[in-house]
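Structure first, commentary second.
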Amino acid sequence: MGKLECSGDASLQNALELVLGYLNQIPSYGHREVLILYSALSTCDPGDLMETIQKCKKSKIRCSVIGLAAEMFICKHLSQETGGTYAVALDESHLKELVLEHAPPPPAIAEYATANLIKMGFPQRAAESAVAICTCHEEARIGGGYTCPRCKVRVCELPTECRICGLTLISSPHLARSYHHLFPIVPFDEVSQTPQNVSSHGFSSDCFGCQQSLLSQGNKPGLSVTCPKCKQHFCLDCDIYIHESLHNCPGCESFRHSNSTATRMV
Amino acid sequence: MKFQIEDVTVYFPYDNIYPEQYAYMLELKRALDAKGHCLLEMPTGTGKTIALLSLITSYVLSKPHAPLKLLYCTRTVHEMEKTLAELKLLHEYQIRHLGPAAKILALGLSSRKNLCVNPRVLAAENRDSVDAGCRKLTASWVRALAAENPSVRTCEFFEQYERAGSAAVLPPGVYTLQDLRIFGKEKGWCPYYLARHMVQFANVVVYSYQYLLDPKVAGIISKEMQKESVVVFDEAHNIDNVCIEALSVSVRRQTIEGARRNLHRMSQEIDKFKATDAGRLRAEYNRLVEGLALRGDLPATDAWLANPALPDDILKEAVPGNIRRAEHFLQVLRRLVQYLEGRLDTENVEKEGPVAFVTSILNHAGIDQKTLKFCFDRLHSLMMTLEITDTDEFLHIQTICDFATLVGTYARGFSIIIEPFDERMPHIPDPVLQLCCHDASLAIRPVFERFQSVVITSGTLSPIDLYPRLLNFNPVVSRSFTMSLTRDCICPMVLTRGSDQLPVSTKFDMRSDLGVVRNYGRLLLEMASVVPDGIVCFFVSYSYMDGIVNTWNETGILKEIMQHKLVFIETQDVVETTLALDNYRKACDCGRGAIFFSVARGKVAEGIDFDRHYGRLVIMFGVPFQYTLSKILLARLEYLRDTFQIKEGDFLTFDALRQAAQCVGRVIRSKADYGMMIFADKRYSRHDKRSKLPSWILSHLHDAHLNLSTDMALHTAREFLRKMAQPYDKTGGSTGRKTLLSQEDLEKMVEGSLVDSLF
């Protein structure tokens, strides 16, 4: 980016057309997302920008814009149409904050994420001393790297696509780590602390996560939260742990599990 | 939501209400209770219309024993439709809550041009020819002729409406003009006459100012309205001008020539009638001897325009003998036209009072005051007798007779001004004789006297104490409300100097100074580079705009501006302006950015909204004073000083500032919107000018923004735009400034009577 220079009028349409060309090749299960840093206050376009925006919407490209000067209607319109976000930076630190907000991938949109089967390879890490020519650098390397399970070729890093057989190569932690970004756990609701609530709902006074008592000293109900899906109660510590590290709701998981066993039994 | 205001249960169709709307309703309710007139100022974009409608309809519902009628006057057809749409929403809500008991009949009334469904009539291009087209098909004699001779064309819609007789009624509901046309087409009834008929029975009537204020029209449409009515004038900041225009007539060369042609044709018609049907002329003569009691029993279709004088001032006497015979009357008119033409042939500007003018007519043309007074009625009767239907052709003689009647009726508050040419173009002879009304209270007095409550409301009525003096009435309530905002979404600035620290102004001795022109140009250029989307500029007059844009073009500033944004200009041609506006909006929509050059007091300044991205910044170049050398204005100022003790300077400043406020108010249309306003003239920084701005602008005008130069304004603009682009909480709950009240909030507020502490 350092080498690029800017001159002439800004054109949002040209930029979007370029993006469309690049991102159309991304398979349907992938995210198509573009972040536009826009400092101009107008856009000088060769054609109808609205059409291009509709095209972006159709090919499910999520367009987010960070403006540097003032709010522009067209940018707002673009981000609204395509489901992106639009923000204007106040100063340098705010700009950094805004850009970093885009670092974690956005949650998958349920209607876009149609389930389909994808062929994937989980390559093994090659033995430390083995010598092989890697396809990425086209030179002999000692140790490191992974071996494609289908064509046995050496690659240096994961995730990638095998240059020989075109297989998607990935390791299972990658999948696991990216999964929670796509399907984040909804924030838990705070439980209003009335004693009647406790008795009428008839729930256990224990945290579903750590099995500690939710009652604080003097048998008064302490702070607790509840998952809006499985209605289980959790203490605040578990809430933080679930959302920041675990990325799975124990309540929902066990519920799903017991549900499936129940159907099997029937 | 529904809530209590004192003893009235108010049905409000939205879930939340702004605190100022509540306060507005409260004041309005008190005025209705007191059966008095009121004057309320509330900024645009705070839901004035719905507050008015919902309070008044709820007030009527809560007092079923004394049914009030609501007459809602708007300025344009567009506003009429918007009001009716709001009313429809409200009505549905009330029916949902109260059942069919809440049913009302509400309809809009407009000219034939907007209501006619007959394709043959509608083909005509302007209003007058549509009216004449309608009359050609529906006048009583045409229909009588058609009854004998089927080849004579009539209007099938009107015929069916007539045949339906008393069965032709509108079922209760809210009808926009569009709805009326649809209903008319479905039933095959003429929507225009149906609407005019139903106006008597409707609970809510929405129509234009003219139907109440202009005696020519009001005499026909609004004569039968009950006294127990609430009259609302919305967007009424220019109401005094409407009143004055209603009673002013101007006569030009074309009018004289047209009148000659009309007279010629009428005398031909008279000769024809004499040969074929002399009895008719005789019958007319007899009727005139008995007195002029013909207005009441005329069929609706024959009524043309009513007497231009106010109802109280019309003589209830028989027409004087010397104009009873048609030929004699034509002779009188010929002499009058001759006299007026002679007066138009003048080298210098003349100004006269009506009394002197009437005396001079008597001396030179031998027509006395009483005869003049009856001109209008006599002409009307004659046209009826001659069975003239193409009324649009006869507008010229009509104007002459209006003039004669007014000049004969009023001795005070008017003056006659003859100008041989337009002051701005002294080389082109364009003589004009104007009968100018100076007293706005004349036309509106019958309204105040007749109706129980008159509500005058607008976004800009400041200074609020001047209107009662101009219109000569005593309001029981006059209040100005400010807008409660979650964030400071308007940013008014007074710019007094350019970047080079030289003062800028459109004062007469400075306006053509190159330095000022350049500084204005730089201001616009720099602003165009920091403001996104749309910018609106208002100039003080067309000629000034032409001049300054020319200079900008020569010095290359315009070209530089065009690199940032496209430039569109308002012209005096309506079609051209509409096209320019369309393209301006398009340019704002697609992100190219655009600037619209417009003129204060022009069509755009009055009726077009530049909300959201269509207007992020409005620049008012100069103070839009009226053309102070105009003879009409001088005469009016003199009259105001002598009669109402309003100083010339005060009135001029008031008038200029309300125009400026109206211009800049175009950019804020709702609370979620934001916009900047730059008053670019050093005179705005003076207290006597600034203090006449409405309070909702003044409250956001910080002291630091009172004396800015271009570079400082630029800095402020950048900051403001960044701040406004940040997301914000619409309810304003966290900041402690409540701007949206739910039902519970309201109830709490009433209990603690927090209302007063809020304002």
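In what follows, every chain begins at residue 1, and chains take the letters A, B, ... in the order their sequences are listed.
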Checklist entry - Side chain, backbone, both or neither: which part of A:Met72 has an atom under 4.5 Å from a heavy atom of chain B? => result both
Next on the checklist: For chain A, which candidate among B:Val530, B:Val531, B:Asp589, B:Leu721 shows the most heavy-atom pairs at distances under 4.5 Å?
Outcome noted: B:Asp589
Item to check | Under 4.5 Å from any heavy atom of chain B - which part of A:Asp48 | outcome: neither
Checklist entry - Checking ring pair (Phe, Tyr, Trp, His ring centres under 6.0 Å) against B:Phe596, which of B:Tyr614, B:Tyr584, B:Phe539 comes through? => result B:Tyr584
Item to check | Engaged part of A:Leu49 at the chain B interface, taking heavy atoms whose separation is under 4.5 Å | outcome: side chain
Item to check | Residue A:His77 versus chain B: region with a heavy atom under 4.5 Å | outcome: neither
Next on the checklist: Within the 4.5 Å heavy-atom criterion, are A:Gln54 and A:Glu81 side-chain neighbours or not?
Outcome noted: yes
Checklist entry - Do the side-chain N and O atoms of A:His243 and A:Asp239 include a donor-acceptor pair separated by under 3.5 angstrom? => result yes
Checklist entry - Any ion pair linking B:Asp500 and B:Arg518 (charged N to carboxylate O, less than 4.0 Å)? => result yes
Item to check | Check against side chain to side chain contact (heavy atoms under 4.5 Å, CB included), B:Arg522 and B:Glu560 | outcome: CA-CA 10 Å; B:Arg522 302 297 309 175; B:Glu560 285 179 61; 4.2 Å; yes
Checklist entry - Tell me, side chain or backbone of A:Leu68 under 4.5 Å from chain B's heavy atoms, or both, or neither? => result backbone
Checklist entry - For the candidates B:Cys590, B:Gly593, B:Gly534, which exhibits the highest count of non-hydrogen atom pairs separated by less than 4.5 Å from chain A? => result B:Cys590
Checklist entry - Do the rings of B:Tyr520 and B:Phe621 sit parallel, tilted or perpendicular, given the 30° and 60° boundaries? => result perpendicular
Item to check | Portion of A:Ala10 that has a non-hydrogen atom of chain B nearer than 4.5 angstrom | outcome: neither
Checklist entry - If only atom types and distance count, is the side chain of B:Arg592 paired as donor or acceptor with the main-chain N or O of B:His564 below 3.5 Å? => result yes
Checklist outcome for this item: Residue from A:Leu41, A:Asp45, A:Val88, A:Asp91 scoring the most non-hydrogen pairs under 4.5 Å with chain B is A:Leu41
Checklist outcome for this item: So, the part of B:Tyr674 with a heavy atom under 4.5 Å from chain A: the answer is side chain
